[in-house]
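Accompanying notes for the structure given below.
Within every chain, numbering begins at 1; the chains are lettered A, B, ... in the order of the sequence lines, protein sequences first and strands thereafter.
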There are 2 protein chains.
Amino acid sequence: MNLQSEQADTKDSILNAAECLFAEKGYSGTSLRVLTGKAKVNLAAVNYHFGSKQALLEAVIKRKITPLNQIRRKRVEEVRRQARKEGRRPDANDILYAFIEPTLRFRENERGAKDFVTFIGRSFADPDDTVRKIFFRFIQPMFQLLLEAMREALPHLSENIIFWRLQLSMGALFHTLHICEDIDMDHLNIKDLDADSMVNLILPYLSAGMKS
Amino acid sequence: MNLQSEQADTKDSILNAAECLFAEKGYSGTSLRVLTGKAKVNLAAVNYHFGSKQALLEAVIKRKITPLNQIRRKRVEEVRRQARKEGRRPDANDILYAFIEPTLRFRENERGAKDFVTFIGRSFADPDDTVRKIFFRFIQPMFQLLLEAMREALPHLSENIIFWRLQLSMGALFHTLHICEDIDMDHLNIKDLDADSMVNLILPYLSAGMKS
DNA sequence: GTCTATAGATTGATAGAC
DNA sequence: GTCTATCAATCTATAGAC
């Protein structure tokens, strides 16, 4: 019992520190020395508990992306189900809302989630193939679902166009989410905006772009 | 004469190799050994000709961003001038076109420009403060000009909203430009799209978002 | 499970011969 | 200007005592 809980603490400490440092300094930019220092565990603990730095990366991603995607998937499918029930096409704005709102809510509420979302944004552009591939693996099914839903919503647009407009949306969303952690201009600060305000800022833009 | 031209060749070889490798592997992910290997110059040549790895980074950015920003600035100001002459507000779509078209044309035509534009996209999200700060310094005046022009075009929107919609646009644009170098799905491939087609793909999205 | 100590590789930068 | 050789620091990962 005691052993188990202490192990869990060590693993969690490592995961929390990794989440924070990966967001701030990137995967390659974070050394195990700094990481274990922040987590207040021994340098060898990462390799003992996770096997390697890369396995730790996977664990960090998996821990938060799994429940988040579960919520988002449920919300998007509810939009499609509701539309089908009413004998109409789903609305692009509703689909985007079903994806974005839980993302920003999650970012606001969960411990370390702000770091995690920043990390997602960084990972899209990470030069390290490893990082991009691992992320891609976890994100791909969710993106596929969005693609399907959008094809229902916007049947007059080609799959090609929808694909790239979704990419434009992901780029806009995640760039903004991590730039706002970085920027410090008094009159333009949205660092402390709540989830609803951020949705109101971002959703109209993405929605108009998707339908354009 | 001979000495000068050989020096220029060495410096240019280094700049070209750096541009390519920084785009592909990032600044931190590129070692001077690999870089000088690709440039076919001696390991010590970077420090001799540029002083440090960071000074090389600045030189790489400066070489291409200066002429590119000159063109973009001229085009954006021409849109404002024309509108003023006709006694109307500039159109947001025209402003975006004046920024994006030269960017994509440049990307298509100039040697190494595709790498450079990819590198810009990566740098927005680079975890290394140094990289982001240097880029920010070179990009800031151009962004400021866009901000001003957009405030003229969209006077009913607050400066705050315009600022963040421009950020959304930059995120969408540069994410898409470097994801399209990375993606390899036959039916969705735009890797070999020409500049005009890319403008047609991206501009309506950004334009609708800005005006939303 | 936790710790120290260290292997083994790689990094940016530089000194000094040519 | 170009080269070799090397320093000093850093990295991931692991072996072995406790």
Side-chain angles (χ1 to χ4, degrees), chain A residues 1-61 126-131 133-134, chain B residues 1-22 24-61 119 123 126-134:
Chain A
M1 188 62 126
N2 204 353
L3 281 176
Q4 273 186 8
S5 77
E6 279 186 30
Q7 175 185 356
D9 281 351
T10 297
K11 284 188 87 166
D12 279 350
S13 297
I14 292 173
L15 285 167
N16 291 337
E19 188 168 70
C20 176
L21 289 169
F22 288 172
E24 196 186 347
K25 297 290 176 189
Y27 172 69
S28 325
T30 301
S31 76
L32 293 180
R33 274 177 177 72
V34 171
L35 200 161
T36 51
K38 186 182 174 84
K40 287 172 186 151
V41 301
N42 188 271
L43 170 61
V46 168
N47 280 279
Y48 179 79
H49 286 287
F50 296 92
S52 69
K53 192 188 180 188
Q54 183 174 325
L56 169 62
L57 170 65
E58 297 208 28
V60 168
I61 296 171
D126 200 298
D128 187 335
D129 295 341
T130 312
V131 179
K133 273 181 189 156
I134 292 175
Chain B
M1 187 63 123
N2 204 354
L3 281 175
Q4 271 186 9
S5 76
E6 279 186 30
Q7 176 185 356
D9 281 351
T10 298
K11 284 187 88 166
D12 279 349
S13 296
I14 292 173
L15 285 168
N16 292 337
E19 187 169 69
C20 176
L21 288 168
F22 289 172
E24 196 185 347
K25 298 289 178 190
Y27 172 70
S28 326
T30 302
S31 75
L32 292 181
R33 279 174 175 76
V34 170
L35 201 160
T36 51
K38 186 181 173 86
K40 289 174 184 147
V41 301
N42 188 270
L43 170 62
V46 168
N47 279 280
Y48 179 79
H49 285 285
F50 295 93
S52 69
K53 191 187 179 188
Q54 183 175 324
L56 169 61
L57 171 65
E58 296 208 29
V60 168
I61 297 171
F119 182 40
S123 299
D126 201 298
D128 187 335
D129 294 341
T130 312
V131 179
R132 282 206 316 286
K133 272 182 190 155
I134 293 175

*Using salt bridge (Lys or Arg N to Asp or Glu O under 4.0 Å) as the criterion, list what pairs up with A:Lys25, not counting sequence neighbours.*
B:Asp129
_Rounded to whole Å, please give me the gap between CD1 in B:Ile14 and C1' in D:dT2._
11 Å
*Separation of A:Leu35 atom CG from D:dA13 atom P, in whole Å?*
12 Å
Return the minimal non-hydrogen interatomic distance between [X] and [Y], and the atom names on each side.
X        : Y        : result
B:Asp126 : B:Asp128 : OD1-N, 2.8 Å
A:Phe50  : A:Ala59  : CE2-CB, 3.8 Å
B:Ser52  : B:Ala55  : OG-N, 3.1 Å

*asked:* Once salt bridge (Lys or Arg N to Asp or Glu O under 4.0 Å) is applied, what residue pairs with a partner in residues 47-56 of chain B remain, sequence neighbours excluded?
replied: none
*Quick one, give me the B/S/- string for nucleotides 11-18 of chain C, reading 5' to 3', where B means a protein heavy atom under 4.0 Å from the base and S means that only happens at the primed atoms, P, OP1 or OP2.*
BBBB----
Output side-chain donor-acceptor pairs under 3.5 Å for residues 36-43 of chain B, partner residues at least two apart or in another chain, one line each.
| residue | atom | partner | partner atom | Å |
| --- | --- | --- | --- | --- |
| B:Thr36 | OG1 | B:Leu32 | O | 2.7 |
| B:Thr36 | OG1 | B:Arg33 | O | 3.2 |
| B:Asn42 | OD1 | B:Ala44 | N | 2.9 |

*Counting only side-chain N and O atoms of A:Thr10, is one of them less than 4.0 Å from OP1 or OP2 of C:dG1?*
no
*Would you tell me if any nitrogen or oxygen in the side chain of B:Asn42 comes within less than 4.0 Å of OP1 or OP2 on D:dT4?*
yes
*Between atom CG of B:Asn16 and atom CG of B:Leu21, what is the distance when rounded to the nearest 0.5 Å?*
11.0 Å
*Who pairs with B:Phe22 by ring pair (Phe, Tyr, Trp, His ring centres under 6.0 Å), at least two apart in sequence or on another chain?*
B:Tyr27, B:Phe119
*Over its full length, what angle do the end axes of the helix from C:dG1-D:dC18 to C:dC18-D:dG1 make, each axis taken from five pairs and the result rounded to 10 degrees?*
10°
